[in-house]
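See structure below.
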Amino acid sequence: MSSIAIVGAGPQLGLAIARTFGNQGYDVALVSRNPDKLDDLVGKLTAEGITAAAFPADVLDRDALTQALKDAAARFGGIDVLEYSPLGTFGQVVLTTPAESDYSHIQHEIEFQLYGAIAATKAVLPAMREAGTGTLLYTTSARSITPQPPTADTDAAMAALRNWALNLHKELDGTGIQAAHIGIDATIGAPTFYGQPCATADQISPVHWELHTTKRDHAEQIFKG
């Protein structure tokens with residue numbers, strides 16, 4: 001049985017990705033920092049006939065994140081797909097313009113976006129290399145490509161993750177392992193943000209499936225609502 005680990009799993013995109021893969025027979029490992037919310041997601045997926053389990057961990061705690069993914073691999077016999085898309089807590093994320101940005105603001109976002117992705121990748125990539133197959137997907141806002149001044153610190157960190165993911169795709173070419181970035185140029189379940197169109201998570205999650213299956217040679221796909 002194949003499996004997917006979703007880091008940053010939540011009730012919108014994370015749940016939609018879980019359903020997309022779960023309905024194709026994949027076991028689903030859900031990783032995020034809130035155990036109660038994870039249990040709720042597991043309950044919803046289980047009720048739909050999808051095998052899912054919760055592995056609580058904060059992406060800022062590298063050891064906990066690594067252990068959560070190791071536990072998921074042990075539970076499901078390996079991780080075939082890693083999807084990384086953590087979302088900061090609304091009201092706790094400091095948004096700054098380029099001129100207002102402090103080192104500490106950008107460092108926190110780099111820790112959250114890039115360093116967390118690197119830790120998650122290092123936890124699953126060795127087994128993928130040994131198997132000669134696997135998929136690594138990294139999801140951000142399309143502001144990683146077209147930044148906006150009011151969100152300079154988060155945009156810079158997402159751009160760093162995008163750059164790293166595209167480079168990883170090049171490095172893994174020919175190994176059987178796909179690495180790709182998904183840029184979402186839309187808001188999900190919320191009013192428009194800086195002119196972005198609105199979209200549902202269910203409209204976006206097929207992009208992840210395509211990059212895993214029919215578009216493995218693509219390093220990036222941009223969803224436009």
Output all residues satisfying side chain to side chain donor-acceptor pair (under 3.5 Å) with [X], sequence neighbours left out; order by chain, then residue number.
{"X": "His105", "answer": "none"}
{"X": "Gln221", "answer": "Glu210"}
{"X": "Asn23", "answer": "none"}

Please output the side-chain donor-acceptor pairs of residues 114-128 that fall under 3.5 Å, not counting sequence neighbours, one pair per line with the distance.
from, atom 1, to, atom 2, distance (Å)
Thr121, OG1, Ala117, O, 2.7
Thr121, OG1, Tyr138, OH, 2.7

Are the side chain of [X] and the backbone of [Y] linked by a donor-acceptor contact shorter than 3.5 Å?
{"X": "Asp80", "Y": "Ser3", "answer": "yes"}
{"X": "Thr175", "Y": "Leu172", "answer": "yes"}
{"X": "Asp185", "Y": "Phe223", "answer": "no"}
{"X": "Thr46", "Y": "Val42", "answer": "yes"}
{"X": "Thr151", "Y": "Thr154", "answer": "no"}

Among [options], which one satisfies side chain to side chain contact (heavy atoms under 4.5 Å, CB included) with [X]?
{"X": "Ile6", "options": "Ile17, Leu13, Val31, Val81", "value": "Ile17"}
{"X": "His108", "options": "Asp153, Leu60, Val94", "value": "Leu60"}
{"X": "Leu211", "options": "His218, His181, Glu83", "value": "His218"}

Atom of [X], atom of [Y] and distance for their closest heavy-atom approach:
{"X": "Ala160", "Y": "Ile110", "result": "CB-CD1, 3.9 Å"}
{"X": "Ala18", "Y": "Leu45", "result": "CB-CD1, 3.7 Å"}
{"X": "Ala68", "Y": "Pro56", "result": "CB-O, 4.3 Å"}
{"X": "Asp202", "Y": "Pro206", "result": "O-CD, 3.2 Å"}
{"X": "Gln113", "Y": "Pro86", "result": "NE2-O, 4.4 Å"}
{"X": "Ala29", "Y": "Ala72", "result": "CB-CB, 3.6 Å"}

| message | Salt bridge or not between Arg75 and Asp71? Use side-chain N to carboxylate O under 4.0 Å. | response |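 Salt bridge flag = no for Asp71 with Arg75.
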Close side-chain approach of [X] to [Y], heavy-atom, < 4.5 Å:
{"X": "Leu69", "Y": "Phe55", "answer": "no"}
{"X": "Leu137", "Y": "Leu82", "answer": "no"}
{"X": "Asp58", "Y": "Leu65", "answer": "no"}
{"X": "Ile182", "Y": "His208", "answer": "yes"}
{"X": "Ile222", "Y": "Ile145", "answer": "yes"}
{"X": "Asp40", "Y": "Leu38", "answer": "no"}

| message | side-chain contact (heavy atoms from CB on, under 4.5 Å), that's the test. Do Ile184 and Thr140 meet it? Break it down for me. | response | CA-CA 6 Å; Ile184 303 175; Thr140 72; over 6 Å; no
| task | For Thr139 and Ser85, test the side chains for any donor-to-acceptor distance below 3.5 angstrom and give the result as yes or no. | result | no
| Donor + acceptor pair across side chains of Ser104, Gln107 (<3.5 Å) |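 The answer is no; no qualifying pair exists.
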| query | Which residues satisfy the ring pair (Phe, Tyr, Trp, His ring centres under 6.0 Å) test with Tyr26, sequence neighbours excluded? | reply |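 Result, ring pair (Phe, Tyr, Trp, His ring centres under 6.0 Å) vs Tyr26: Phe21, Trp209, His212.
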| note | To the nearest 0.5 Å, atom CG of Leu95 lies from atom CD of Gln148 at 12.5 Å
| Quick one: CG on Leu161 to OG on Ser144, what's the gap to the nearest 0.5 Å? |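 Answer rounded to 0.5 Å: 8.0 Å.
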| field | Sequence neighbours excluded, every pair satisfying side-chain hydrogen bond (donor to acceptor under 3.5 Å, both in side chains) that has a member inside residues 158-169 | value |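 Only Arg162-Glu220, His169-Gln178 qualify under side-chain hydrogen bond (donor to acceptor under 3.5 Å, both in side chains).
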| query | Yes or no on side-chain contact (heavy atoms from CB on, under 4.5 Å) for Arg62 and Gln67, after CA distance, side-chain angles and deciding distance? | reply | CA-CA 9 Å; Arg62 311 285 179 251; Gln67 188 60 54; over 6 Å; no
| Do Leu15 and Val207 share a hydrophobic cluster, counting only Ile, Leu, Val, Met, Phe, Trp and Tyr and linking them when any side-chain heavy atoms are less than 4.5 Å apart? | yes
| message | According to a hydrophobic-cluster definition based on side-chain heavy atoms being under 4.5 Å apart (Ile, Leu, Val, Met, Phe, Trp, Tyr only), do Phe112 and Met158 belong together? | response |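 Different clusters.
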| field | Working for salt bridge (Lys or Arg N to Asp or Glu O under 4.0 Å), residues Glu171 and Arg129 | value | CA-CA 12 Å; Glu171 179 186 0; Arg129 285 189 183 275; 3.7 Å; yes
| message | With side-chain contact (heavy atoms from CB on, under 4.5 Å) as the criterion, how do Leu168 and Leu136 come out once you've worked through the C-alpha distance, each side chain's angles and the decisive distance to 0.1 Å? | response | CA-CA 9 Å; Leu168 182 62; Leu136 305 162; 3.9 Å; yes
